[in-house]
Amino acid sequence: MSQRSRFKPIERNLAMELVRVTEAGALAAARYMGLGDKELVDQAAVDAMRHTLDGISMDGVVVIGEGEKDEAPMLYVGERIGDGSSPAVDIAVDPIDGTTLLSKGLPGAIAVIAMSAQGTMHVPGAVFYMDKIAVGPDAKDAIDITAPVKDNLAAVAKALGRKMAEVTVVVLDRPRHAQLLKDIREAGARVKLITDGDVAAGIQAALPGSEVDVLMGIGGTTEGVLTAAAFRCVGGAIQCKPWPRDDDERRAAAAAGLDLEHVYPAEELVSGDDVFFAATGASTGELLRGVRFFGGGAETQSLVMRSRSGTTRWIEATHNFERLDKIRYATNG
């Protein structure tokens, strides 16, 4: 029996339930946009998303969340969520990918969640960062994270049928990427620097019609798993390789049996046949529009995907706060 065949198919389209979770997180956090308080932004999203998750019938386990139990009262790794009924799922959540962006009033912050069958999300947690390369469906067979940057970009350009100067690479603006940026520029590709939010950037690389063709560079391990979940739904390819920050992390990786030379594709990070992904814009960016408040309510834009059907939905929603408050009061009362 194969690894995948052990897991019972999930018949409900959980993606349509998950979007309520990311909408709640974005709506709550967006109220504090630009106030300069990252913790306030994050806590608002956590509270709203955890409350909304309570309304989903499932047997859920948080595999990516706010940290260990002693670090977070809610959405901590290992927390059980739901009423214990079917389906049994792994939950990966980033209440706000880009808390710094939202706290400073900058564009591109999103609320993110992903789910797949229990036991199918694999997080190399012994290292905080991973080196990543990601492309859309047309170039999915062209990348090799162990190859030189110029060779990867040449292969991507060929797969896309473009000149090198027509290929755009998105990279987090960090000192650790000095050599990577030098290599990309010497290869002749265009560079798009971002300050935060590599989940949204990775998704952009996979979507048709995007201004981004390739994601490259070192970013968070948990963000890599969330991005892999999105890629399982929308197509394309992502490859991740552990990137220890120091000797202590190397020793921790060795103790955990983690091979630092191993390359993780999306199918290994999230191995389930049925993967669900949802994201809602908190502050307007290139991937999603942020929350727009008006008297008595707000508008949101979300991206919702499911791997089994390959369906990608863009959902525009109008929220009536008076009616939502009545529902919450009736539920809590």
Side-chain angles (χ1 to χ4, degrees), residues 3 61-68 71 76-78 90-94 97 112 114 116 119-135 140-153 155-156 169-184 194 196-203 205-206 214-232 236-272 275 277:
Q3 173 75 8
V61 177
V62 176
V63 297
I64 291 175
E66 291 295 279
E68 301 302 319
E71 299 171 353
Y76 56 83
V77 174
D90 285 341
I91 302 170
V93 58
D94 191 344
D97 178 43
V112 184
S116 64
T120 63
M121 282 190 179
H122 309 288
V123 186
V127 290
F128 189 80
Y129 288 121
M130 300 185 88
D131 193 10
K132 309 169 192 175
I133 182 170
V135 293
K140 66 180 182 179
D141 297 320
I143 58 171
D144 176 1
I145 198 169
T146 65
V149 170
K150 65 177 182 179
D151 292 352
N152 272 301
L153 293 178
V156 169
V169 186
V170 62
V171 180
L172 278 168
D173 189 6
R174 299 288 188 273
R176 62 179 177 264
H177 288 147
Q179 185 60 49
L180 172 62
L181 289 170
K182 183 174 184 291
D183 291 343
I184 294 170
I194 56 172
D196 291 280
D198 67 341
V199 175
I203 296 169
V214 191
L215 168 75
M216 281 185 164
I218 297 155
T221 295
T222 54
E223 288 84 352
V225 177
L226 279 161
T227 306
F231 270 71
R232 290 299 316 281
I238 181 170
Q239 296 177 7
C240 302
K241 187 178 178 183
W243 191 82
R245 292 174 289 183
D246 50 35
D247 289 339
D248 287 342
E249 226 170 57
R250 288 186 185 88
R251 285 190 287 269
L258 188 66
D259 180 2
L260 296 179
E261 297 304 313
H262 184 69
V263 176
Y264 293 85
E267 294 78 10
E268 187 172 348
L269 292 171
V270 186
S271 62
V275 184
F277 181 92

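All values reported here derive from a predicted model rather than from experimental measurement. In this chain, residues are counted from 1 in sequence order.
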key: Side chain proximity check, I91 to V63, heavy atoms < 4.5 angstrom   = no

Side-chain heavy atoms of D196 within contact of I194, under 4.5 Å = no

ask   = Any side-chain heavy-atom pair from V225 and C240 closer than 4.5 angstrom?
value = no

task = Would you please name every residue forming a side-chain hydrogen bond (donor to acceptor under 3.5 Å, both in side chains) with D131, sequence neighbours left out?
result = none

query = Any sub-3.5 Å donor-acceptor pair from T120's side-chain atoms to S271's backbone N or O?
reply = no

ask   = For V171 and V169, what are the C-alpha separation, side-chain angles and deciding distance, and is it a side-chain contact (heavy atoms from CB on, under 4.5 Å)?
value = CA-CA 6 Å; V171 180; V169 186; 4.0 Å; yes

task = Decide yes or no for I133 and L215: does some side-chain heavy atom of the first lie under 4.5 Å from some side-chain heavy atom of the second?
result = no

remark   = Between the OG1 atom in T227 and the NZ atom in K132, the distance rounded to the nearest 0.5 Å is 5.5 Å

message = Strictly distance-based, threshold 3.5 Å: is any side-chain N or O of S116 a donor or acceptor partner for the main-chain N or O of G272?
response = no

inquiry  = Whether the side chain of Q239 engages the backbone of V263 through a donor-acceptor N/O pair (distance < 3.5 Å, no angle test) should be reported.
reply    = no

ask   = With a 4.5 Å limit on heavy-atom distance, are the side chains of V112 and F277 in contact?
value = yes

task = List the steps, then state whether side-chain contact (heavy atoms from CB on, under 4.5 Å) holds for V123 with I64.
result = CA-CA 8 Å; V123 186; I64 291 175; 3.7 Å; yes

ask   = Distance from E249 atom CD to L258 atom CG, nearest 0.5 Å?
value = 10.0 Å

message = As a test of understanding, state which of T146, V135, D144 forms a side chain to side chain contact (heavy atoms under 4.5 Å, CB included) with N152.
response = D144

message = With rounding to the nearest 0.5 angstrom, report the CE to CD1 distance, M130 to I145.
response = 8.0 Å

key: Stepwise side-chain contact (heavy atoms from CB on, under 4.5 Å) test for I184 and M216   = CA-CA 10 Å; I184 294 170; M216 281 185 164; 4.1 Å; yes

inquiry  = Please give me the minimum heavy-atom distance between L180 and G217, naming the atom from each residue.
reply    = CD2-CA, 3.6 Å

query = Are D183 and P148 close enough that some pair of their side-chain heavy atoms sits under 4.5 Å apart?
reply = no

message = Using a 3.5 Å distance criterion without hydrogens, assess whether the side chain of H262 forms a donor-acceptor pair with backbone atoms of K241.
response = no

key: Interatomic spacing from CG in D90 to NE2 in H122 - rounded to 0.5 Å   = 8.0 Å

key: Spatial distance of atom CD (E267) from atom CZ (R232) [nearest 0.5 Å]   = 5.5 Å

key: Euclidean distance, Y264 OH relative to L269 CG, rounded to 0.5 Å   = 7.5 Å

key: Any residue meeting salt bridge (Lys or Arg N to Asp or Glu O under 4.0 Å) with R176, in chain and number order, not counting sequence neighbours   = none

task = Decide yes or no on side-chain contact (heavy atoms from CB on, under 4.5 Å) for E223 and D94, but give the supporting numbers first.
result = CA-CA 8 Å; E223 288 84 352; D94 191 344; 4.1 Å; yes

